[in-house]
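Taking it in order: structure first as structure tokens, then the write-up.
All values below come from the heavy atoms of this structure, side chains included, with hydrogens, waters and symmetry mates left out. For this chain, numbers begin at 1 and follow the sequence in order. On a predicted model such as this, the values are computed, not experimentally measured, just so you know. Note that ligands are numbered from 1 as they come in the structure, with each ligand's atoms numbered from 1 the same way.
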Amino acid sequence: MTTSRPQIILDCDPGHDDAVAIVVASHTCDILGITTVAGNAPLDRTTYNARVLRHMLNLDVEVHSGAGRPLVVPPVFAGYVHGESGLDGADLPEPTRAVDGTDAVGFIIDTVRAHPGCHLVVTGPMTNIALALRSHPDLGNDLAGISFMGGGTFGNRTPMAEFNLWADPHAAQIVVNSGLPLTMAGLDVTHQFQATPPRIERVREIDGQLAAVLSGLFDFFSANYSSRHDDMEGAAVHDPLAVLALTHPDLFTTESRFVDVVTDGEHTRGMTVIDRRTLIDRPAATCTVLVGIDADAAWDVTISAIRAGSANR
Ligand code: RIB
Ligand code: CA
């Protein structure tokens, strides 16, 4: 299995699956910083939750909060999936380290400039990333690329739109049309990576506070998914795939596609248009789209990350 340990900034809205992305990234990446955005919950909660994960992992990484609302559309949160706290389902430890700043966009720009060749991993609405690209259009010169969770050929917020891109479609359109190397973990692949009961039991068997908290979070998250879908054994653990796409590319099958984002329409706002035509004169591909995953192997990596994170305390 080919692996690499990329330098990343993780922009997220914790969120149960964002929490797993932080754990996996702590084990597989050099995290230059964590930035937060409103999405699954309001910004104060997603930022608090990022601090909780940093605390449990004993990570010496800065957390900077960012946009509290989308660029244009009104903010809408996902308490119906993640609970009002954004991380319902477990007793969370009180984080002892304060947030390191409230200018995520400035932190992203400064950190990318200081670490040419780093990646942005985006697991929430893309507001911070769009603002950074708008204020520094040449930021891409120092970026290896952007790996994001979002989109797909179907939706979860509407029949056609996935939550992250639906929540801030104008930001998503800016990022997807940035011309930067993009990797997209959409619902087509993330729904193949479910926290089924046997997989959650493997988490529960790990000693330590991190595994205990995560098993509670998985229980809540999967109960929510199973109650709201008629074909899912557990929650789709979306966000860590945006990390694993960089660190464990061999776990995935991919397609190179032209992708754009629709910004309006009752059913289409936030929808990704993925051009899968075989026409020779189709638009040039702009995105590496993840389409398949070795879910068991990816869960093995997740378990290893949780074990390693538990040993950090
Ligand atoms: O649609 C799934 C995405 O929306 C995930 O990133 C989840 O955390 C929520 O933000
Ligand atoms: Ca998320």
Side-chain angles (χ1 to χ4, degrees), residues 8-25 34-43 45-50 52-53 63 65-70 73 75-89 104 120-129 146-169 171-172 175 183-195 214 217-218 220-222 224-225 228-229 232 234-245 261 269-272 290 302:
I8 72 165
I9 298 170
L10 178 56
D11 187 76
C12 56
D13 64 333
H16 293 69
D17 51 329
D18 303 77
V20 182
I22 294 170
V23 173
V24 169
I34 296 172
T35 52
T36 58
V37 65
N40 284 322
L43 181 64
R45 281 303 319 189
T46 58
T47 304
Y48 180 87
N49 293 339
V52 168
L53 267 293
V63 171
S65 60
R69 58 148 299 147
V73 298
V76 176
F77 309 119
Y80 61 95
V81 176
H82 298 275
E84 290 313 306
S85 75
L87 275 185
D88 281 16
L120 297 181
V121 177
V122 189
T123 64
M126 298 177 163
T127 318
N128 292 334
I129 312 306
I146 300 174
S147 182
F148 69 93
M149 189 279 138
T153 61
F154 59 93
N156 57 12
R157 179 68 196 202
T158 74
M160 294 312 297
E162 175 280 323
F163 176 79
N164 285 341
L165 275 57
W166 177 89
D168 193 340
V175 173
T183 300
M184 173 176 139
L187 296 180
D188 303 78
V189 71
T190 66
H191 276 222
Q192 299 174 49
F193 187 60
Q194 297 182 19
L214 287 174
L217 294 178
F218 277 127
F220 175 92
F221 197 31
S222 285
N224 176 284
Y225 260 74
R228 293 172 54 242
H229 295 80
M232 296 184 79
V237 191
H238 310 278
D239 292 335
L241 302 195
V243 177
L244 291 174
V261 175
R269 159 189 152 177
M271 167 183 172
T272 44
L290 307 182
T302 304

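Between Trp166 and Val76, some side-chain heavy-atom pair lies under the 4.5 Å cut-off. The closest side-chain heavy-atom distance from Val189 to His238 is not below 4.5 Å.
Below 30°, between 30° and 60°, or above 60°: for Phe221 and Tyr225 the angle between ring planes is above 60°, a perpendicular geometry.
Not a single donor-acceptor pair under 3.5 Å links the side chain of Ser147 to the backbone N or O of Val121. A donor-acceptor contact shorter than 3.5 Å links the side chain of Ser222 to the backbone of Ala195. Side-chain atoms of Asn49 come within 3.5 Å of backbone atoms of Arg45 as a donor-acceptor pair (strictly under, hydrogens ignored). Side-chain atoms of Thr272 come within 3.5 Å of backbone N or O of Gly152 as a donor-acceptor pair.
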Distances for all N or O pairs of ligand 1 and the protein under 3.5 Å?
residue  : atom   : partner : partner atom : Å
ligand 1 : 1 (O)  : Asn156  : ND2          : 2.8
ligand 1 : 1 (O)  : Glu162  : OE2          : 2.6
ligand 1 : 4 (O)  : Asn164  : OD1          : 3.2
ligand 1 : 6 (O)  : Thr123  : O            : 2.9
ligand 1 : 6 (O)  : Asn164  : ND2          : 3.0
ligand 1 : 6 (O)  : Asp239  : OD1          : 2.6
ligand 1 : 6 (O)  : Asp239  : OD2          : 3.1
ligand 1 : 8 (O)  : Asp17   : OD1          : 2.6
ligand 1 : 8 (O)  : Asp17   : OD2          : 3.2
ligand 1 : 8 (O)  : Asp18   : OD1          : 2.9
ligand 1 : 8 (O)  : Asn40   : ND2          : 3.0
ligand 1 : 8 (O)  : Asp239  : OD2          : 3.1
ligand 1 : 10 (O) : Asp13   : OD1          : 3.4
ligand 1 : 10 (O) : Asp13   : OD2          : 3.1
ligand 1 : 10 (O) : Asn40   : OD1          : 3.1
ligand 1 : 10 (O) : Asn40   : ND2          : 3.2
ligand 1 : 10 (O) : Asn164  : OD1          : 2.9

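Listed by first and then second residue, the side-chain hydrogen bond (donor to acceptor under 3.5 Å, both in side chains) pairs that reach into residues 8-23 are Asp11-Thr35, Asp11-Asn128, Asp13-Asn40, His16-His82, Asp18-Asn40, Asp18-Thr123, sequence neighbours excluded.
Any protein N/O/S atom under 3.0 Å from the Ca ion (ligand 2) was counted, giving 5 altogether.
For Phe148, there are no ring pair (Phe, Tyr, Trp, His ring centres under 6.0 Å) partners two or more places apart in sequence or in a different chain.
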